[in-house]
Amino acid sequence: MAGTALSQTEIRQVLEFHGHWCPGLAIGIRAGELALAEFGRAGDEEVVAVVETDMCGVDAIQVLTGCTFGKGNLLHRDLGKMAFTFYRRRDGKALRFLFTAEGIGGPNEEMAALNQRRSAQVLTPEESARLEALRAEWSERILAADPADLFRVQPVAGPPPQRARLMASLPCEACGEKTMESRTRRFDGRILCLPCFEERDRRL
Ligand SMILES: [Zn+2]
Ligand SMILES: [Zn+2]
């Protein structure tokens with residue numbers, strides 16, 4: 001498998017869902033594609049994804065694999081890494097895809113430097129145009145690459161995360177809003193939702 005095996009229609013669906021084209025989306029497309037090849041498309045909770053980033057690429061994962069935030073079979077672990085782990089409940093298969101782009105020489109250093117200047121909001125218009133060109137080129141290289149050159153595929157030990165469970169809700173005794181029990185806190189004999197609990201904390 002060399003470049004992306006997805007059809008133009010599939011790529012357009014991802015693009016429409018996300019709203020813009022960017023390198024992060026290209027990474028997510030390739031990770032999603034790899035997941036489809038290894039695990040098949042997720043039926044109801046059959047395949048679970050754990051993503052270690054909450055950036056652009058996760059949108060592609062949702063569209064392509066059927067692991068979605070709303071179904072509860074897409075979980076975010078806030079580790080800030082470009083890594084995507086998939087579990088299949090039926091047979092316990094589990095793999096982590098870590099994006100390194102080692103096989104294509106890694107991200108361009110000039111692009112990284114310009115990205116930093118963009119974060120600091122000090123880009124000149126010329127630099128901005130240059131950065132856009134580099135980002136477009138980088139996205140194309142990601143789409144054209146062999147997945148083996150993009151991701152380190154690692155075995156995963158341990159069971160998949162728990163199934164999404166329906167839990168009882170309790171009314172918060174400060175704001176009255178119903179809140180899933182596991183997200184409530186007890187304070188001074190009262191049951192509070194997290195925002196009300198944090199508010200209490202600040203006032204003391
Ligand atoms: Zn994006
Ligand atoms: Zn409350």
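Just follow the structure's listing: the first ligand is 1, and inside any ligand the first atom is 1. Residue indices begin at 1 and follow the sequence shown.
Between Phe86 and Phe97, the angle of the ring planes lies from 30° to 60°, which puts this pair in the tilted group. Between Phe151 and Phe84, the two ring planes are perpendicular [angle over 60°; tilted spans 30° to 60°].
A pairwise comparison of heavy atoms in Ala174 and Cys196 identifies CB-SG, 3.8 Å as the closest pair. Here the closest non-hydrogen pair linking Leu192 and Cys172 is CA-SG, 3.8 Å.
Within the 4.5 Å cutoff, the side chain of Asn73 has heavy atoms near those of the Thr68 side chain.
One finds the CG atom of Leu74 at 7.0 Å from the OG1 atom of Thr65 (value rounded to the nearest 0.5 Å).
Under the 4.0 Å criterion applied to side-chain N and carboxylate O atoms, Glu33 and Arg30 are assigned as salt-bridge partners. The pair Arg88-Glu38 does not count as a salt bridge, with every side-chain nitrogen at least 4.0 angstrom from each carboxylate oxygen.
Atoms of the protein (N, O or S only) found under 2.8 Å from the Zn ion (ligand 1) are His18 NE2, His20 NE2, Cys22 SG, Cys56 SG.
Of all protein N, O or S atoms, those under 2.8 Å from the Zn ion (ligand 2) number 4.
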### Task
Would you check, one step at a time, whether the test side-chain contact (heavy atoms from CB on, under 4.5 Å) holds for Gln13 with Leu64?
CA-CA 9 Å; Gln13 281 170 349; Leu64 293 175; over 6 Å; no
